[in-house]
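Everything quoted here is computed from the prediction, not taken from an experiment. Only heavy atoms go into these numbers, but all of them, side chains included; no hydrogens, no water, no symmetry mates. So you know, we letter chains A, B, ... as the sequences are listed, proteins then strands, and number each from 1.
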Amino acid sequence: MNNGFGRSVWPGLLAAGCIACVTAVSAGAPRGGLEFYGSMYGDLSLYHFDVNDNDSLAFGGRNTLTLNMKNINRKHGKIESGLDIIMLYGIQADAMHELVPDALYTMLPAAGAPILLDLRKLYFSVYLPFVDLSVGRQIINFGKGYVFSPVDVFSSVDVLDITLRRRGSDVACARFPLGTLAGVDVVGEFPVGANDHASAVKAFANVLGFDWSILGMYRHDSREITGGAAFKGDLEAGIYGEAAQHFLDGSGDRYFEGMLGADYSFLKNDLIVQAEYLHSGRPDSVLSIWGKHNAFTSALYRINDIMNVSASLIHNFTDDMSIGTAQYYYNVLQNVDAIVYVRGYRGNLNGFAAFPDLEYSLRLEVKF
Amino acid sequence: MRTSAKSAAVLICLASTVFALTGEEILDRMDQNRDHKTVVADATMRIHIGDEVRTKTMIIRSITEGSKSIVEFTNPADEGTKYLMLDDDLWIYFPEEEDVVKISGHLLKQGMMGSDVSYEDALESDQLSEKYAITLEKEEAYEGKPCHVIFLEATTKDAPYYQRRMWVEKGTFVAWKEEMYAKSGKLLKEAVVLEIREIGGRYFPVKSAMINKLRKNSRTVFEMSNIKLDVELDEGQFSLRWLRR
């Protein structure tokens, strides 16, 4: 049909109709895209060394940008990543320059602050009706312990971090829900280089107010089989525990690890105390920073809703190694925190690199 | 004539006695205001500590039957932190560590995210009559509103407060003010409703304040918006599985 101007009106009507349909559909569609959040914090530290009765102080520090990203509409799947960009100063920068020649990496400019990248998370998830699948680097929490966790073969706790962050693991994970509070998780770690990698199955449920789980794990290279169990619940105080029986390949050796923990509060919940004990019967051939007897204890006192003081101690009785931390936390402004902390080190809990015996630090953090 | 007036007066007094509400009945009428199957809302919690104010924002989804709630925090400092409340149990999801932690019972008295609203306050089921003996104490006005004053005394060990006193407005049955006491008689907290809205024939408190009487200058103002009642919710959301999404 001509509209009198010598052109057919139908293509225009068709285009308008298409636009109207798309607009109507889009208006009802959930919002897509990505959201970013994270924080930037700076640690400024003074380290005290006592070497051969010679006292010395050294400056060190770091600036860390933590950048997190996930998709907004997570109804059918998720993409998540977490990246730390770290700039080192002082003796920490010096130590990095000693480890890696300056000219080798552009991230380590000569005489400049080294820049490190730590990809903590990068994974995607798909939510099917009967299973959630996740593939990539993610944090897998198998246990109930705050510091010690015999059943956690994947994402270990960084005891040198004042927030006790966990490291990500490169895994494929399938989570089968069996109701509201129960399910089965199957996790397989990707083999990378010479690192031993593990696979595990965990079944969990909530029974009589307690969270229970039983686990089976297998380390592929060392052919170590582990059977374990964990629980968390209340008996006046909060209590939790884990047990793991390890069977070493070929030798017929076996060893047991057990952890027991408790938490309680006093003074109308203003004082919270927590303690964990780890017993490890591992043989010398199995490397670990923990000895036969280990303990963790902490106390946190809330001065008010934006300030608290806390102290914690991690101690390996067998090898006489420990880390003690005392800190004061203040939520200065809406998204700004300040932490002043002192750490004492005894022994060498990371197995390498020389350690100071005292550290005095200030952390300022801005969250976005 | 005088006899008729006298008789009428007696009848009115008798009628008042016969039809006066008991404490339980007042509580029942209050519960009718909260007679909804589900709630979905955005919420803002402003925590006042002296001159300082900290704001938390969240999305709340709740199913009344079975006391199920999911709260997801959206302010930068707590982005992605989620609470799953099922009856008297609470799990928290920490997104940074991708960890789901069951909160110990003794920590339920702690303030939620540093506020004056404890986890126990948030978890509390609407059925106060199951945990308290209720008596109608008196009639008293609160901010010009005529109110029934009801007194509640705990009958079970797991009641969050040993004694409570509520000012319930006549007609709307909104509890405009509530005092919570310890066993010693010490006043622990005071909750006041600041604003209500009529939604679907019910009076819904959309803004309220919790004042911590044990701390100086400490109160939390809780405000809800975009409130939707009785919408269909997927029960699968109220599970450990959904916390990780």
Heavy-atom side-chain contact between [X] and [Y] under 4.5 Å:
{"X": "Leu86(B)", "Y": "Asn206(A)", "value": "no"}
{"X": "Asn141(A)", "Y": "Val100(B)", "value": "no"}
{"X": "Asn304(A)", "Y": "Ser218(B)", "value": "no"}

Quick check on the interface: out of [options], who has the most heavy-atom pairs with chain B under 4.5 Å?
{"options": "Lys367(A), Arg74(A), Gln334(A)", "result": "Gln334(A)"}
{"options": "Thr163(A), Val332(A), Ile239(A), Thr66(A)", "result": "Val332(A)"}
{"options": "Lys70(A), Lys268(A), Arg165(A)", "result": "Arg165(A)"}
{"options": "Glu80(A), Lys121(A), Glu236(A)", "result": "Lys121(A)"}

[X] versus chain B, heavy atoms under 4.5 Å apart: side chain, backbone, both or neither?
{"X": "Tyr240(A)", "result": "neither"}
{"X": "Asp234(A)", "result": "side chain"}
{"X": "Asp337(A)", "result": "neither"}
{"X": "Phe368(A)", "result": "backbone"}
{"X": "Arg166(A)", "result": "both"}
{"X": "Ile140(A)", "result": "neither"}
{"X": "Ser265(A)", "result": "both"}

Test side-chain contact (heavy atoms from CB on, under 4.5 Å) on Asp132(A) and Arg245(B) and set out the steps.
-> CA-CA 10 Å; Asp132(A) 291 349; Arg245(B) 292 190 176 184; 3.1 Å; yes

Would the number of heavy atoms belonging to other residues, nucleotides or ligands and lying under 6.0 Å from [atom1] of [X] be above 12?
{"X": "Tyr146(A)", "atom1": "OH", "answer": "no"}
{"X": "Lys177(B)", "atom1": "NZ", "answer": "yes"}
{"X": "Ile214(A)", "atom1": "CD1", "answer": "no"}
{"X": "Arg219(B)", "atom1": "CZ", "answer": "no"}

Per-residue contact mode, [X] against chain A (heavy atom under 4.5 angstrom):
{"X": "Val53(B)", "answer": "backbone"}
{"X": "Leu107(B)", "answer": "both"}
{"X": "Trp91(B)", "answer": "side chain"}
{"X": "Ile103(B)", "answer": "backbone"}

Heavy-atom donor-acceptor pair, Lys232(A) side chain to Lys102(B) backbone, under 3.5 Å |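 Yes, because the side chain of Lys232(A) sits within donor-acceptor range (under 3.5 Å) of the backbone of Lys102(B).
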
Ignoring hydrogens and geometry, is there a side-chain-to-backbone donor-acceptor pair from Glu97(B) to Ile139(A) under 3.5 Å?
->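 No, because the side chain of Glu97(B) does not come within donor-acceptor range (under 3.5 Å) of the backbone of Ile139(A).
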
Within this structure, what is the [atom1]-[atom2] distance for the pair [X] and [Y], rounded to the nearest 0.5 Å?
{"X": "Arg241(B)", "Y": "Leu178(A)", "atom1": "CZ", "atom2": "CG", "value": "10.0 Å"}
{"X": "Leu235(A)", "Y": "Ser104(B)", "atom1": "CG", "atom2": "OG", "value": "10.5 Å"}
{"X": "Asp89(B)", "Y": "Phe210(A)", "atom1": "CG", "atom2": "CZ", "value": "11.0 Å"}
{"X": "Ile306(A)", "Y": "Arg54(B)", "atom1": "CD1", "atom2": "CZ", "value": "4.5 Å"}
{"X": "Ile49(B)", "Y": "Asn331(A)", "atom1": "CD1", "atom2": "CG", "value": "7.5 Å"}

Going through the checks in order, is the salt bridge (charged side-chain N to carboxylate O under 4.0 Å, His left out) test met by Asp270(A) and Arg215(B)?
-> CA-CA 12 Å; Asp270(A) 283 338; Arg215(B) 287 193 197 280; 2.8 Å; yes

Does a donor on one side chain sit under 3.5 Å from an acceptor on the other, for His106(B) and Asp263(A)?
->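 On atom types as modelled, these side chains qualify, holding a pair under 3.5 Å.
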
Interface residue of largest heavy-atom contact number with chain A, from Lys68(B), Glu235(B), Glu96(B), under 4.5 Å =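 Most pairs with chain A among the choices: Glu96(B).
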
